[in-house]
Amino acid sequence: MPKVRRLFVCRQCGASQARWLGKCPDCNTWDSLEETSFDPSTEKDPHKSLTLAWQDLADPGASEGAGAQQTRLADASTAGVAKPLADILRDGAGAAPIERIPTGIRELDRTLGISLAPDGTPLTGGLVPGSAVLVGGEPGIGKSTLLLQAAFAWANQGTKVLYVSSEESAEQVGVRAKRVGGGQSAIVRKSDSAKVKGAAPEPSPLSHSGTLAPSHSSSLLYLLHDTNLARIVEQVRKVQPRILVIDSVQMIYRADVSAAPGSVTQLRRCCTELVYLAKTAGIAVVLVGHVTKDGTLAGPRLLEHLVDTVLSFEGDRSHSHRVVRAIKNRFGSTLEIGLFEMGGSGLREVAEGGVVGALANQDTPRPGCVLVPIMTGTRCLIVEVQALTATGFLGAAKRKCSGLDANRLAMLIAVLEQHAGLRLADRDIFASSVGGIKVLDPASDLALLLAIAGAHYRKALPPRAAAMGEVGLSGEVRPIPNLEQRVREAVRLGCKTIVIPNAHDPRDLPADATKAQGVEVVRVRTVDDAIGVLG
Ligand code: TYD
Ligand code: MG
């Protein structure tokens with residue numbers, strides 16, 4: 001019998017050490033190593049202990065399920081034969097577009113990944129059957145709300161979903177379901193949310209372990225409140241869902257592992273099994289994980305390499321905007337983002353090209369506020385950057401920003417001092433992006449620079465103006481990618497003046513759009529030219 005070994009695993013990054021250390025040598029986090037034990041015999045083949053457990057998972061009665069699983073298991077035993085890529089492609093791999101289960105929530109579907117037809121045209125986006133997705137985010141940001149809305153949407157499309165809530169009781173989820181179901185008629189029909197309320201007294205197919213009756217009119221959304229992995233799998237076998245949502249994975253435990261729920265050992269074991277479940281039974285598994293600042297719970301970092309897709313749900317709790325971003329995606333691009341707004345009745349999609357931050361009062365000149373179209377993946381988003389300068393102390397002037405890059409801010413201040421003759425050494429400078437959106441696109445340089453200069457001189461751009469361009473250290477305004485798309489978007493949203501880098505070819509501009517709307521395009525070569533536009 002092989003000896004069970006002791007290891008110390010970092011909660012933050014998952015690196016393992018042979019002995020305890022005060023600081024993780026890999027990620028430099030203090031006090032993050034946690035003792036864990038592992039059995040080398042199962043570690044070599046993590047599926048060894050699992051294969052039997054899942055073998056009977058697919059309903060033997062279901063014609064295709066058991067067969068498909070048998071094939072997969074058989075495949076596993078013959079794996080290890082190297083084949084030329086050409087043979088694999090000839091066998092048809094990659095010929096058909098990847099199958100997806102769309103939610104109908106476009107912002108989420110796009111972030112999960114879009115399948116392409118053989119000729120390259122984008123088809124529908126959504127969750128890939130048999131894939132494992134991890135949704136990470138700070139507590140209270142809205143992960144449960146997003147996934148409940150997604151679960152509703154999947155159920156509405158005729159997909160059976162099992163939503164396992166390990167943190168909230170089924171009643172709490174029911175209350176939330178009612179809340180998000182009431183307002184979002186596009187996602188959840190009113191009649192469905194009413195059923196949630198009325199469903200409780202009905203005999204539930206899962207009533208024996210604290211579950212709620214099917215809450216959807218077509219009985220496709222199942223709720224379960226449980227934290228024991230074995231019992232959850234038991235319910236999965238009964239319900240046979242196509243999608244399993246676990247909210248959150250940090251509360252799930254395996255009774256035969258002595259470590260506490262949320263510890264590295266439990267997380268790794270439970271997650272490996274859930275991913276294996278996804279692969280063998282063809283169920284898409286969505287896991288929710290908290291990222292905590294103080295690191296009391298194991299960060300989902302550990303799990304990132306186990307799953308196919310990692311989505312990060314970001315935003316500022318004090319702002320209503322939320323962004324879903326793919327950090328890792330085996331079935332799609334990581335450039336895409338989905339934009340939502342948290343309201344009284346759950347998350348609402350922010351439509352394509354929506355303006356983040358009010359476009360109201362754009363007709364009155366506002367020094368220190370500039371609009372800029374930024375690219376996030378394939379979509380263009382208009383955001384407003386603002387700056388304020390105030391009297392500070394020479395040598396101790398404050399430079400603070402929110403939603404922007406602090407290094408970029410420092411660089412632009414230096415450019416303004418050196419190339420535009422502004423004296424800012426004793427001015428406090430504050431800059432922010434409106435609406436809590438993180439602006440990291442270098443094309444926002446010019447807008448930020450004009451916001452600072454405008455705040456300093458108390459001059460504004462003409463009403464309804466947008467500015468875009470990258471600023472170089474020698475004070476030149478450099479060209480930017482996707483100019484046409486950005487200008488089109490700005491024109492579509494009613495901008496009347498557009499400041500662009502001079503270096504662009506006039507053919508890059510959508511002349512049809514700018515002429516039709518009477519938009520004035522101002523080309524600037526240097527920072528000085530740009531400041532001349534302020535008036
Ligand atoms: P929640 O989804 O529970 O966050 P997480 O699962 O990431 O911890 O909820 C996040 C916050 O959103 C919560 O503080 C309340 C708020 N909220 C709304 O503003 N409107 C709503 O309709 C809902 C359901 C929640
Ligand atoms: Mg939650």
Side-chain angles (χ1 to χ4, degrees), residues 103 105 107-108 111 133-155 161-190 192-194 196-197 212 215 221 223-227 232 244-253 261-262 267 270-271 274 285-301 303 310-327 337-350 435-436:
T103 52
I105 309 175
E107 300 289 308
L108 182 63
T111 317
V133 178
L134 176 69
V135 181
E138 282 176 32
I141 203 78
K143 300 179 295 297
S144 308
T145 311
L146 175 71
L147 287 176
L148 189 63
Q149 286 184 266
F152 262 121
W154 277 314
V161 184
L162 175 58
Y163 184 98
V164 180
S165 164
S166 56
E167 286 176 352
E168 292 166 288
S169 70
E171 286 70 30
Q172 278 174 304
V173 179
V175 170
R176 186 199 298 269
K178 214 176 127 204
R179 193 170 167 191
V180 303
Q184 194 128 15
S185 49
I187 294 178
V188 184
R189 289 189 300 271
K190 277 220 168 77
D192 300 333
S193 60
V196 174
K197 197 173 145 206
L212 201 75
S215 55
L221 175 52
L223 297 184
L224 168 70
H225 169 71
D226 211 329
T227 49
I232 292 171
L244 171 66
V245 180
I246 308 262
D247 179 10
S248 72
V249 69
Q250 270 129 340
M251 297 290 285
I252 305 287
Y253 70 96
L267 260 181
C270 293
C271 188
L274 286 166
V285 177
V286 183
L287 307 169
V288 174
H290 294 296
V291 189
T292 52
K293 281 190 178 135
D294 56 22
T296 45
L297 280 177
R301 282 281 157 78
L303 312 177
V310 180
L311 299 185
S312 153
F313 201 42
E314 299 165 3
D316 202 333
R317 247 180 297 172
S318 45
H319 285 108
S320 60
H321 283 103
R322 303 280 186 272
V323 174
V324 189
R325 190 187 300 279
I327 297 175
I337 64 158
L339 198 60
F340 294 91
E341 203 175 342
M342 181 64 94
S345 53
L347 292 158
R348 271 191 311 273
E349 291 180 80
V350 174

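Whatever order the structure lists them in is the order used to number ligands and atoms, beginning at 1. In what follows, residues are counted from 1 in the order of the sequence shown. None of these values were measured; they are calculated from a predicted model.
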Select the closest option to atom 23 (C) of ligand 1 among R348, E341, R179, judged by heavy-atom distance. R179
Hey, what do you get for CD1 (I246) to SG (C270), rounding to the nearest 0.5 Å? 9.0 Å
Atom 17 (N) of ligand 1: nearest protein contact (heavy atom, Å): M342 SD, 3.8 Å
Residue, atom name and distance, where the atom is the protein heavy atom closest to atom 6 (O) of ligand 1: S144 OG, 2.5 Å
Is L244 close to L274 at the side-chain level, that is, under 4.5 Å between some pair of heavy atoms? yes
pair L287-C271: side-chain heavy atoms closer than 4.5 Å: yes
Only one of L347, I141, L146 passes side chain to side chain contact (heavy atoms under 4.5 Å, CB included) with M342, and that residue is L347
Please identify which atoms of ligand 1 are closer than 4.0 Å to at least one heavy atom of R176. 1 (P), 2 (O), 3 (O), 9 (O), 24 (C)
From E349 atom CD to Q149 atom CD, the distance as rounded to the nearest 0.5 Å: 9.5 Å
May I ask you to test the T111-R325 pair for a side-chain heavy-atom distance under 4.5 Å? no
Just go through G346, S248, A177 and tell me whose heavy atom is the nearest to atom 22 (O) of ligand 1. G346
Which residue supplies the protein heavy atom nearest to atom 4 (O) of ligand 1, what is that atom called, and how far is it? G142 N, 3.1 Å
Numbered in order shown, the ligand 1 atoms found under 4.0 Å of a heavy atom of S345 are 22 (O)
If you count the atoms of ligand 1 from 1 in the order shown, which ones are under 4.0 Å from a heavy atom of G343? 18 (C), 19 (O), 20 (N), 21 (C), 22 (O)
Tell me which protein heavy atom sits closest to atom 13 (C) of ligand 1, plus the residue, atom name and distance to 0.1 Å. G140 O, 4.4 Å
Measuring from atom NE2 of H290 to atom CD of E167, what distance do you get when rounded to the nearest 0.5 angstrom? 3.5 Å
Would you say the Mg ion (ligand 2) has S144 as a near neighbour, meaning an N/O/S atom of that residue under 2.8 Å away? yes
Between CG of L108 and CG of L339, what distance do you get to the nearest 0.5 Å? 12.5 Å
Taking atom 2 (O) of ligand 1 as the reference point, the nearest protein heavy atom with its distance: T145 OG1, 2.6 Å
Output the distance between atom CG (D247) and atom CG (L223), rounded to the nearest 0.5 Å. 11.0 Å
Tell me whether H290 has any N or O atom under 3.5 angstrom from an N or O of ligand 1. no
Under 4.0 Å from one or more heavy atoms of P139, ligand 1 contributes atoms 8 (O)
